[in-house]
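Every chain is numbered from 1, with letters handed out A, B, ... down the list of sequences. Both backbone and side-chain heavy atoms feed into the values below; hydrogens, waters and symmetry mates do not.
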There are 2 protein chains.
Amino acid sequence: MTTLWDRTRQLASQEILATALRLFTEQGYDETSIAQIAREAGVSQRTLFRYFGGKEDLLGGGQERFGQVLTDTISTQPAEADVWEVLRAAIAAVLALHESHEEALKRFRLLHRTASLRAGWLEKRLRFQDELLPLIKARMDSADGAAELRARAVIATAFACLDAATMVWVDDDGEGDVMDLYDAGLAAVRG
Amino acid sequence: MTTLWDRTRQLASQEILATALRLFTEQGYDETSIAQIAREAGVSQRTLFRYFGGKEDLLGGGQERFGQVLTDTISTQPAEADVWEVLRAAIAAVLALHESHEEALKRFRLLHRTASLRAGWLEKRLRFQDELLPLIKARMDSADGAAELRARAVIATAFACLDAATMVWVDDDGEGDVMDLYDAGLAAVRG
DNA sequence: GCCAGTCTGGCAGTCACTGCCAGGCTGGCA
DNA sequence: TGCCAGCCTGGCAGTGACTGCCAGACTGGC
């Protein structure tokens, strides 16, 4: 059962998140201080840091779930499926998590335009890749060696193409479908 | 002509760099404070920050040159060369910049094991990719559209394979040649 | 030997982030 | 209904990276 505490927490959390996203888009990420967000959201800095681990987490978008969704999707994929198919399905599943088109575009734009955010995101993405490694490795032909290297290369390439797709998508102001762009990018790579 | 100032600067710079690398490898990047490096190198914090923009730059390795070397190598490549050949040459040129095997391994290990450093490095690498974009785009078949996307995907894939190669190389304690691993990784991707 | 330009160190301040502590509110229990 | 235990909050102080400012020292050219 949800207690009053839970509801209060939920409310405060949403208020903080909304305030942060508003200020970030209005004046930029680096130009917005934690103090300002806390003030305008009506909580103390200390509390804000208790709700969210750090400034980057205020962008929200539920990135914590991404890792789980990726691994889950891959695990439920048929054993005989091609690794590229498997990765495609995982990426599609993550993209499907985004709420609205506009929100996603807003967040992605912020992400790609702010160096510090971009760095943090890339780092997080690399951790996802590490989590995927054993799953993909198990699905690779273990006949010729260097399965680790090949698995790493394939995973990294898939994300690289997703990166390219996302960037083009953002540059075109959300024109077209990210998944189509991903396919086109991968096609350009694999010939 | 080199003045006394230049020589002093050079000396101080090297002393700082050496101290930093030593402390980083001894106790870890995050566990080493700027104050400690400055103290042990015999300069003030203020001066240290004047020599090097920030803590990340203290890892050295001449990463500033990388962008220049990449673009230069690509520019001097024959016009009819395949984009993959061109990118391979550029990556090989950058790898050739590393002084010694041991130093390179030490730096790479630090880079891959420290989240904050890895994030910064990935960000820098992304900027290199942006610089390469027009050069590669110009070499792509402009017949079918989406040259931007295809160029982005190809560049990102090349770096992704380099990433995979470097990681495996570090995990194997510098066994084998990074370039060979790169070729193997790219082969796994392009079939 | 002197002046101008440059480099240096120290100080104070900002910003993200953390530990600690006292006070307040909530939820369950008598 | 009253009360105690437990969680939650805000404030305060501290750390670590980084910047602006200023005064003092040193160097290079005249």
Less than 4.0 Å between a side-chain N and a carboxylate O, is that true for [Y] and [X]?
X: B:Arg107; Y: B:Glu103; result: yes
X: B:Glu26; Y: B:Arg22; result: yes
X: B:Asp163; Y: A:Arg152; result: no

Specify the separation, in whole Å, of atom [atom1] of [X] and atom [atom2] of [N].
X: A:Asp30; N: D:dT19; atom1: CG; atom2: P; answer: 12 Å
X: A:Arg39; N: C:dA16; atom1: CZ; atom2: P; answer: 11 Å
X: A:Glu31; N: C:dT14; atom1: CD; atom2: P; answer: 17 Å
X: A:Leu23; N: C:dA16; atom1: CG; atom2: P; answer: 12 Å
X: A:Arg9; N: C:dT26; atom1: CZ; atom2: C1'; answer: 14 Å
X: B:Leu58; N: D:dA17; atom1: CG; atom2: P; answer: 10 Å
X: B:Arg7; N: D:dC26; atom1: CZ; atom2: P; answer: 17 Å
X: B:Arg50; N: D:dC18; atom1: CZ; atom2: C1'; answer: 13 Å

With heavy atoms under 4.0 Å as the rule, sort A:Ser116 into base, sugar-phosphate or nothing.
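It contacts nothing in the nucleic acid.
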
Would you mind telling me which residue lines up with the more 5' stretch of DNA chain C, A:Lys55 or B:Leu48, judged by nearest nucleotide?
B:Leu48

Let's see if you can work this out: which of [options] has an atom nearest to the side-chain heavy atoms of [X]?
X: B:Arg46; options: D:dG20, D:dC18, D:dG11; value: D:dG20
X: A:Ser33; options: D:dA17, C:dA16, D:dG11; value: C:dA16
X: A:Phe49; options: D:dT9, C:dT18, D:dC21; value: C:dT18
X: A:Ile34; options: D:dC21, C:dC17, D:dG11; value: C:dC17

Does NZ or CZ of B:Lys106 come closer than 6.0 Å to the centre of the six-membered ring of B:Phe24, within 45° of the ring's axis?
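Judged by the rule (NZ or CZ under 6.0 Å from the ring centre, within 45° of its axis), B:Lys106 is not positioned above B:Phe24.
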
Distance check, rounded to the nearest 0.5 Å: B:Ser116 atom OG versus B:Trp121 atom CH2?
15.0 Å

Are any of B:Tyr51's side-chain N or O atoms less than 4.0 Å away from OP1 or OP2 of C:dC7?
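Result: no.
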
